[in-house]
J.: 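Here's a structure for you.
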Amino acid sequence: MLWQLRLLWYRADKAVLAFALFCGVVVGALAFAASGVFAHRDAQNARARDFHARSLDCLARNVYYEARGESRAGQYAVAEVTMNRKASRLYPKTVCEVVHQKNWDPLRKRYVGAFSWTEFEVLDAPAGEAWQRARKVAEDVYYQRRPATMPGVTHFHATYVRPDWSTERQRVARIGRHVFYR
């Protein structure tokens, strides 16, 4: 049997075999390269999905902790302020960085959060209907599913306080227990 295979090998046209081998190597290399490209693209898409999920969570938490007891208009306004800050070159570039931004306060002699809830070490986990509502508001604003009602507004405070910076800014609206400034 082995001698028949040798005979077949010596009689066969090697050019056809070499061409078939060459085509197999080319197809294999292309398949390997394509799988690498698709794996890279899938990894990029996964990173983008994770980034947007984290950003959406930060925005929803900001709405929840800053405006959970407010009307829908008040919650949308808080979300828009956060996104307006993200869009401004004067503030950090991501939603989470905007939400957790800390600035030095010379009067308190410590770093102070831009949003009051970020000052607390321990918070109850967001839950219930209020959390679902905050998530919906955050999604609508983050994905721009509704027209902006507070363009350029980057500051707000509760009605029971009067920060120093409020006199330097243009008051735009009062919604619920918050006052908004440009």
Side-chain angles (χ1 to χ4, degrees), residues 43-182:
Q44 278 182 321
N45 289 341
R47 282 193 301 274
R49 275 192 306 276
D50 290 345
F51 173 78
H52 290 300
R54 281 191 312 274
S55 295
L56 190 57
D57 186 66
C58 286
L59 184 58
R61 284 176 185 273
N62 205 36
V63 171
Y64 180 80
Y65 289 120
E66 286 288 333
R68 129 182 67 182
E70 296 292 320
S71 66
R72 275 203 194 279
Q75 290 185 349
Y76 277 110
V78 167
E80 285 187 37
V81 164
T82 308
M83 294 305 288
N84 288 344
R85 283 184 172 210
K86 179 196 157 293
S88 170
R89 59 185 176 81
L90 302 175
Y91 295 94
K93 299 207 178 301
T94 70
V95 174
C96 291
E97 288 172 343
V98 165
V99 169
H100 295 286
Q101 180 183 18
K102 303 247 188 245
N103 292 317
W104 180 256
D105 183 350
L107 294 176
R108 297 183 207 173
K109 295 186 176 25
R110 66 179 177 93
Y111 284 97
V112 178
F115 298 100
S116 60
W117 68 272
T118 61
E119 298 271 327
F120 300 113
E121 298 270 333
V122 178
L123 293 167
D124 292 335
E129 188 179 316
W131 174 240
Q132 295 308 316
R133 190 169 154 193
R135 293 268 321 167
K136 170 79 170 93
V137 168
E139 286 176 10
D140 288 349
V141 173
Y142 187 81
Y143 293 117
Q144 300 173 348
R145 293 181 182 153
R146 60 186 291 278
T149 57
M150 307 287 269
V153 175
T154 56
H155 289 74
F156 70 91
H157 66 78
T159 55
Y160 55 85
V161 296
R162 182 135 174 109
D164 293 339
W165 55 258
S166 64
T167 58
E168 302 164 2
R169 304 209 166 264
Q170 176 190 0
R171 183 177 170 157
V172 175
R174 177 182 171 169
I175 303 173
R177 294 180 305 232
H178 287 117
V179 183
F180 295 85
Y181 298 85
R182 200 173 260 121

J.: Going by disulfide (SG to SG under 2.5 Å), name the pairs with one or both residues in residues 96-127, residues two or more places apart or in two chains.
T.: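 For residues 96-127: Cys58-Cys96.
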
J.: Could you pull out the closest heavy-atom pair between Phe180 and Gly74, with the gap in Å?
T.: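 Between these two residues, the closest heavy atoms are CZ-O, 4.4 Å.
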
J.: At what distance, to the nearest 0.5 angstrom, does CG of Asp105 lie from OH of Tyr111?
T.: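 Asp105 atom CG to Tyr111 atom OH measures 11.5 Å (nearest 0.5 Å).
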
J.: Taking only residues at least two apart or on different chains, which pairs with a member in residues 171-182 satisfy salt bridge (charged side-chain N to carboxylate O under 4.0 Å, His left out)?
T.: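 Counting only pairs at least two positions apart or across chains, the salt bridge (charged side-chain N to carboxylate O under 4.0 Å, His left out) contacts touching residues 171-182 are Glu70-Arg177.
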
J.: Please give me the minimum heavy-atom distance between Val78 and Ala67, naming the atom from each residue.
T.: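 The answer is CG2-CB, 3.8 Å.
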
J.: Any side-chain heavy atom of Leu56 sitting closer than 4.5 Å to one from Tyr143?
T.: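 Answer yes - side chains close enough.
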
J.: Which residues pass the ring-ring contact (aromatic ring centres under 6.0 Å, His included) test with Tyr181, not counting sequence neighbours?
T.: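 If we apply the ring-ring contact (aromatic ring centres under 6.0 Å, His included) test to Tyr181, skipping adjacent residues, the hits are His157, Trp165.
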
J.: What pairs meet the ring pair (Phe, Tyr, Trp, His ring centres under 6.0 Å) rule with one or both residues in residues 43-63, with sequence neighbours excluded?
T.: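 Checked against ring pair (Phe, Tyr, Trp, His ring centres under 6.0 Å) - neighbours excluded - the pairs reaching residues 43-63 are His52-Tyr142.
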
J.: Check Asn84 against Gly152 and note the closest heavy-atom contact, atom names and distance.
T.: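 Closest approach of Asn84 to Gly152, heavy atoms only: ND2-N, 3.6 Å.
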
J.: How long is the span from the OG1 atom in Thr167 to the CZ atom in Arg162, to the nearest 0.5 Å?
T.: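 Between atom OG1 of Thr167 and atom CZ of Arg162 there are 7.0 Å.
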
J.: Between Pro92 and Val98, which heavy-atom pair has the shortest distance, and what is it?
T.: O-CG2, 3.5 Å

J.: One pair to check against side-chain contact (heavy atoms from CB on, under 4.5 Å): Val95 and Thr82. What are the steps and the verdict?
T.: CA-CA 7 Å; Val95 174; Thr82 308; 4.2 Å; yes

J.: Name all pairs fulfilling the ring pair (Phe, Tyr, Trp, His ring centres under 6.0 Å) condition that reach into residues 77-101, sequence neighbours left out, sorted by first residue then second.
T.: His100-Trp117

J.: Just grab all the salt bridge (charged side-chain N to carboxylate O under 4.0 Å, His left out) pairs involving residues 77-86, residues at least two apart or on different chains.
T.: Glu80-Arg146

J.: Would you list the atom pairs, donor with acceptor, under 3.5 Å between side chains in residues 122-131 and any protein atom, with sequence neighbours excluded?
T.:
none

J.: What are the two closest heavy atoms between Pro106 and Trp104, and how far apart are they?
T.: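 Heavy atoms only, the tightest pair is CD-O, 3.6 Å.
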
J.: Quick test of your reading: applying disulfide (SG to SG under 2.5 Å), list the pairs with at least one residue in residues 138-182, sequence neighbours left out, ordered by first then second residue.
T.: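 Passing the test, one end in residues 138-182: no pairs.
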
J.: Just grab all the disulfide (SG to SG under 2.5 Å) pairs involving residues 141-182, residues at least two apart or on different chains.
T.: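 As it turns out, there is no disulfide (SG to SG under 2.5 Å) pair with a partner in residues 141-182 once direct neighbours are skipped.
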
J.: What pair of heavy atoms forms the shortest contact from Ala173 to Met150, and how long is it?
T.: CB-CE, 4.3 Å

J.: Can you tell if the side chain of Leu107 reaches within under 4.5 Å of the side chain of Asp164, non-hydrogen atoms only?
T.: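 Leu107 vs Asp164: side chains touch.
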
J.: Mind jotting down which residue pairs meet the disulfide (SG to SG under 2.5 Å) criterion with at least one end in residues 107-149? Sequence neighbours excluded, please.
T.: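 Residue pairs passing disulfide (SG to SG under 2.5 Å), neighbours aside: none found.
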
J.: Is the shortest side-chain heavy-atom distance between Val179 and Thr159 below 4.5 Å?
T.: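 Val179 vs Thr159: side chains touch.
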
J.: If you look only at pairs with a residue in residues 130-140, which of them pass as a salt bridge (charged side-chain N to carboxylate O under 4.0 Å, His left out), with sequence neighbours excluded?
T.: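 Applying salt bridge (charged side-chain N to carboxylate O under 4.0 Å, His left out) to every pair that reaches into residues 130-140, excluding sequence neighbours, yields Asp57-Arg135, Lys136-Asp140, Glu139-Arg145, Asp140-Arg145.
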
J.: Excluding sequence neighbours, so at least two apart, what forms salt bridge (Lys or Arg N to Asp or Glu O under 4.0 Å) with Lys102?
T.: none

